[in-house]
Each structure stands twice: as C-alpha cells, then as structure tokens.
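Here is the naming used below: chain letters follow the sequence lines, and residue numbers restart at 1 for every chain.
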Protein chains: 2
Amino acid sequence: MAIESESNPNRISQEAFEREFLPTLSVDCAIFGYDDNNLRVLVRREYIPLDGDVHLEWKLPGNHVKRTETIYDTAARILKEQTGLENIYVKQFSVFSDPERLKRNLVDYEWVRPRIVDDRVVTVGFYSLLNMNDIDNSMLIEDANWMNAYEVERLMFDHNEIFEEAFKKLRNDLLHDPLVFELLPEKFTLTQMQKLYETIFNTNYDKRNYRRKINKMEYLIPLDEFQTGVSHKPARLYSFNRDIYEETRTERFDFRM
Amino acid sequence: MAIESESNPNRISQEAFEREFLPTLSVDCAIFGYDDNNLRVLVRREYIPLDGDVHLEWKLPGNHVKRTETIYDTAARILKEQTGLENIYVKQFSVFSDPERLKRNLVDYEWVRPRIVDDRVVTVGFYSLLNMNDIDNSMLIEDANWMNAYEVERLMFDHNEIFEEAFKKLRNDLLHDPLVFELLPEKFTLTQMQKLYETIFNTNYDKRNYRRKINKMEYLIPLDEFQTGVSHKPARLYSFNRDIYEETRTERFDFRM
DNA sequence: ACAAAAGTGTTTTGGGTACACCCATGT
DNA sequence: ACATGGGTGTACCCAAAACACTTTTGT
C-alpha cells in the first residue's frame with residue numbers, strides 16, 4: 001500500500017514487496033484528458049532530496065505489477081488511484097526494457113533507490129483516455145498535474161520517450177477505432193468532435209467536408225437536445241451508439257479526414 | 001546455456017538462473033517465413049513425459065530475458081538460435097500477462113515445472129519476418145517445424161492466442177510499413193510480391209490495378225535482370241531501395257490495395 | 001443591431017475498380 | 001505449335017477537397 005501510492009517509500013519490507021509484486025515488471029501510464037479544447041496528460045510531481053538539495057521532477061504515474069494481476073489490472077489500478085475513476089479505457093502500446101533505463105540520471109536514480117527492490121525494471125507502456133469533466137476534483141491526488149500535451153516538460157527516466165510513443169500510438173489508433181468518444185463527454189456537438197480531432201492532429205478541417213463525412217456514421221445519434229447558455233445559435237447534441245457501431249462496422253472502416 | 005536452448009532443462013541452478021535471467025519475464029516469437037507462395041511459422045516440437053506417457057506438443061520459440069538484455073536483444077538471440085540468422089526483422093506487438101497462462105493445462109505445466117524458477121511469467125510477444133531461402137538448413141535446430149500459417153495446430157500455453165495476435169498485427173503493419181521486403185528475396189518479380197500480399201491477406205488482386213499502384217513506388221527499382229529457367233516470358237526482377245523509401249515517404253503512405 | 005458560432009450544396013479532381021488481349025520463352 | 005505466366009490501357013464511379021452564405025441565439 002505504501003508502494004501503491006508511490007508516496008511513502010520503503011514502508012514495507014523487501015520480502016513483503018516481493019510476495020505481492022513482480023519486482024522487475026511495472027506499468028507506466030500516459031493518462032490523456034480532454035477538456036475545453038485542450039489535450040492534457042497527467043504527470044506526478046516528485047521531490048527528491050539529494051546532497052542537501054531537494055530536486056523537483058515530473059514522472060508518469062506507474063506501479064509494479066502484482067503477482068495476481070494482469071497488466072490491464074495494474075493499469076486500471078493506477079487509473080483508479082490517480083483519477084478516482086473506474087472503467088476507463090486503457091491500452092498497452094509498447095514495452096520499454098533498456099537495462100539502464102532507471103540509471104541514466106543521478107537524481108532519478110535517487111528516487112528509485114529507497115523504493116525499488118530490483119534496479120532492473122522492465123515497464124509496459126499504457127495510454128488511457130478520459131474526459132476531464134468526469135473527474136471529481138476532490139478525488140485528485142496531491143502532486144498530480146495535467147500538463148498540456150504539447151508542452152510536456154522533462155520527465156524522469158525514459159518517460160518522455162514513453163509519452164511520445166503513447167501520443168503517436170494514440171493518433172494512429174484514433175484513425176481506426178472509435179476512441180474519440182472516450183475523450184468526449186457523453187453528449188457532444190459536432191464542432192466539439194471536430195475540434196478534438198484538430199487538437200490531436202494539430203491541423204484544421206473544412207467544416208462542411210467534415211460533417212458530410214461523419215454524417216455517414218450511423219452510430220452517431222442526433223439527440224433532441226441542444227446547447228444552452230451560449231450566445232449564438234445553440235448546436236445540436238449527439239451521442240455515440242456502440243451497439244450500432246459494432247453491427248455496422250466494416251472491415252476497413254477508417255476515421256481519417 | 002541449458003536454458004537458452006530450451007532443450008536441457010534444469011542443468012543450471014536456480015541461483016545461477018536468477019543471476020543471469022529475469023525469472024518472470026520472457027519473449028515468445030512468431031517467426032514467419034515465406035517461400036514458394038506459402039507463409040509459414042516456426043514451431044518447436046516438445047516431448048513431455050507425464051504419468052508414464054510421452055506427450056507430443058508444439059510451442060512458439062521463446063526464452064527468458066537476460067538481465068543485461070533489452071527485449072529486442074532477447075528476440076534476436078532467439079532468432080539466431082532457431083534459424084542461425086542475424087539481423088532479422090523483429091517487432092514486439094503485445095504483452096501476455098494472465099497469471100494462469102502457464103497453468104491452464106496439466107501437460108503444459110509439466111513442461112514448465114523442471115525449467116522455470118517462477119511460475120508467474122509475463123511474456124512479450126514478438127513477430128519476426130524472413131525469407132526461407134536465406135536459411136541454411138544445416139543450421140536449423142532439431143525439433144523445429146515450419147507449419148503453414150493457415151493450418152497451425154494446437155500450441156502450448158497461450159501460444160495460439162499469441163500467434164493469432166501476431167498474424168493480425170503483421171497484416172496490419174504490412175499495410176503501412178515496407179515489411180513485404182523482409183519476406184521476399186532481395187531480387188523479386190512483381191508477381192511474387194503480389195502473390196505474397198494475396199497469401200497474407202487471403203484474397204486476390206487485379207494484376208493491372210496492382211501494378212499501377214506499385215509502379216508509383218519510386219523505391220521499387222526495376223533491374224536489368226530477368227528470371228531464368230522458366231518456360232514462359234521471363235519476368236523482370238526488382239529490388240527495394242530503402243534510402244529512396246525513407247526520403248520520399250509521405251506522412252500517410254499506405255500499401256493498401 | 002451586432003457578434004458569434006451553427007448549419008447547409010455544388011463543382012472539380014484524382015484514385016479505385018472493372019475489364020481483355022498480345023508477348024516472350026521452354027518444351 | 002502450344003502452354004504458361006508477363007506485361008499493358010481505358011472508361012466509369014465515387015470520394016476527397018475547395019469554397020460562401022444564411023440562421024439562431026445572447027447581449
């Protein structure tokens with residue numbers, strides 16, 4: 001439990017740790033959140049005392065895999081710890097296994113020393129998608145920060161590399177799977193959906209062509225509800241119907257614009 | 001070394017094993033070979049004595065990750081052991097982490113018992129691509145068999161699942177990356193290339209449309225060489241120029257037919 | 001009345017698809 | 001001469017891309 005929260009190092013013995021966890025295998029998670037036309041990623045603040053100084057660093061949330069868990073269980077546990085949310089979309093994308101990955105930097109390694117039993121840890125990278133409106137801010141743990149995904153600073157260990165791979169994989173997957181809807185609220189406008197694609201792919205699309213394309217998607221259900229409280233013509237709300245998606249999806253469907 | 005060849009279980013002590021290998025992390029590899037219009041996968045024959053019987057089973061080649069290795073090093077080591085080849089294309093595609101994955105079947109588990117120090121092993125799935133002409137058959141280790149990829153029998157553990165995922169990922173990657181050329185010989189005819197796609201995607205393409213499409217690929221170099229010894233008009237040979245590919249590739253190139 | 005985003009059609013262009021015949025070689 | 005795969009061009013259709021004005025609401 002000390003290890004689980006990552007915040008109270010060394011509170012359980014090495015033996016107890018090895019009984020519960022796989023010492024050489026962890027999961028690190030790039031948690032993407034979307035809100036207000038910004039794509040963000042959750043990073044954790046770490047204060048590392050070394051040589052009389054306290055160093056401020058950032059890392060992706062992660063944890064060791066328990067002996068009884070699949071890696072998906074581990075990822076779900078991390079998500080619950082960091083955001084309070086359950087049933088969040090998580091996806092593994094790559095394994096990072098450089099034998100020196102925890103030892104490239106002296107300050108980083110000082111974070112490792114008191115916490116980790118074995119200094120050879122292979123980690124499975126996951127990304128995760130959620131809409132930030134769903135987050136109950138009182139649940140957010142301390143020392144968490146939602147960095148703009150386009151302005152990610154230096155992270156510990158190989159976490160910049162893990163984040164970049166996660167972002168690349170996310171972009172690719174968004175073209176082929178209905179993942180946008182994990183980032184959007186349950187009811188959304190077509191402009192919100194377009195803006196989300198534009199944010200993630202860092203481009204702009206023609207509104208009419210975009211709407212023609214998504215109007216062909218039968219699983220996008222127009223509701224009899226509209227935006228309220230906006231000082232312009234209120235937009236119609238839509239929702240995603242997964243059942244229709246599963247039934248009507250063709251072999252080669254793609255979300256490319 | 002005993003463990004490395006997978007064939008002499010238990011010849012080194014538990015301590016020696018743990019000093020050299022990560023006991024809970026392995027790599028399993030679906031090695032695809034192409035030859036003579038057949039796509040094949042390398043599987044290993046295992047004889048497992050249990051209750052007075054000897055059971056015949058098949059598995060994908062695999063091995064534990066050494067403490068000094070990245071997972072790519074492990075995959076390359078497996079490739080060298082199984083085929084004698086170096087510098088072969090390998091790619092990780094997914095992690096398999098069911099805590100019970102080695103214990104689902106009594107006979108399978110009997111294979112594990114004498115060999116493996118920890119019965120919780122998480123494995124990283126790799127696939128690998130090679131042209132079977134490159135294999136020196138005297139190098140092929142005993143108990144290896146190239147099964148037709150469309151007729152894979154029951155494999156041990158979760159290896160059928162690993163193989164199916166590998167095949168799915170291979171198909172997907174072939175549409176976006178120049179992987180065909182890993183499976184083809186260095187010099188090949190356009191029909192060989194077409195047949196390879198047809199084999200892997202289990203369909204047929206129109207010859208003229210296919211050629212129009214690949215004629216746009218500037219990195220496919222027509223040679224001044226032709227097939228010999230065929231009783232029909234000899235086909236021109238082509239080769240793949242990776243430098244031109246890297247220079248001219250566009251963001252969204254795709255090999256889809 | 002004005003600001004701000006919603007919503008809506010047409011034309012042009014390029015790529016995908018369907019389709020049939022002559023050519024060069026070995027036997 | 002015949003069998004075998006090699007190699008080539010055209011017409012049609014649909015999807016992608018470019019492009020501008022009217023509508024509805026809040027202030």
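At whole-Å resolution of the value, CG in L237(A) and P in dA6(C) are 11 Å apart. Per the geometry, CG belonging to N37(A) stands 11 Å off P belonging to dA5(C), to the nearest Å. The nearest whole Å value for the distance from the CG atom in D206(B) to the C1' atom in dT17(C) is 8 Å. Atoms CZ (F188(B)) and C1' (dG6(D)) sit 16 Å apart, rounded to a whole Å. The NZ-P distance, from K195(B) to dG6(D), rounds to 7 Å in whole Å. In this structure, Q227(A) places its CD atom 16 Å from P of dA4(C), rounding to the nearest Å. With rounding to whole Å, Q194(A) atom CD is found 12 Å from dA6(C) atom C1'. dG15(C) atom P lies 17 Å from atom CD1 of I214(B), rounded to whole Å.
Side-chain atoms of S231(A) lie closest to dG26(D) of the nucleotides dA20(C), dG26(D), dG7(D). The side chain of R211(A) has dA6(C) as its nearest neighbour among dA6(C), dG9(D), dT25(D). Nearest to the side chain of R212(B), among dC19(D), dT17(C), dG6(D), sits dT17(C). Counting only heavy atoms from C-beta on, N209(B) has its side chain closest to dC19(C) among dC19(C), dA24(C), dG7(D). Nearest to the side chain of K216(B), among dG7(D), dG16(C), dC19(C), sits dG16(C). Considering only side-chain atoms of K233(B), the nucleotide from dG16(C), dC19(D), dC23(C) that sits closest is dC23(C). Closest to the side chain of H232(B), from the set dT25(D), dT4(D), dG7(C), is dT4(D).
Using a 4.5 Å heavy-atom threshold, the side chains of I71(A) and Q92(A) count as touching.
Listed pair T191(A) / dA6(C) meets the phosphate criterion, a side-chain N or O lying under 4.0 Å from OP1 or OP2.
For K207(A) and K207(B), each mapped to the nucleotide of DNA chain C holding its nearest heavy atom, the one lying further toward the 5' end belongs to K207(A). Nearer to the 5' terminus of DNA chain D, by closest-nucleotide assignment, is the contact made by R208(A) (compared with the other of R208(A) and P234(A)).
Here R77(A) does not pair with D73(A) in a salt bridge; the nearest charged N to carboxylate O distance is not below 4.0 Å.
Of all non-hydrogen atoms in E198(A) and N204(A), the two that sit nearest each other are OE2-CA, 3.5 Å.
E164(A) places no side-chain N or O within donor-acceptor distance of the main-chain N or O of E161(A), the cut-off being under 3.5 Å.
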Determine, step by step, whether Y127(A) and E165(A) satisfy the side-chain hydrogen bond (donor to acceptor under 3.5 Å, both in side chains) criterion, reporting the C-alpha distance in whole Å, the side-chain angles of both residues, the deciding distance to 0.1 Å, and the verdict. CA-CA 9 Å; Y127(A) 71 81; E165(A) 286 278 311; over 6 Å; no
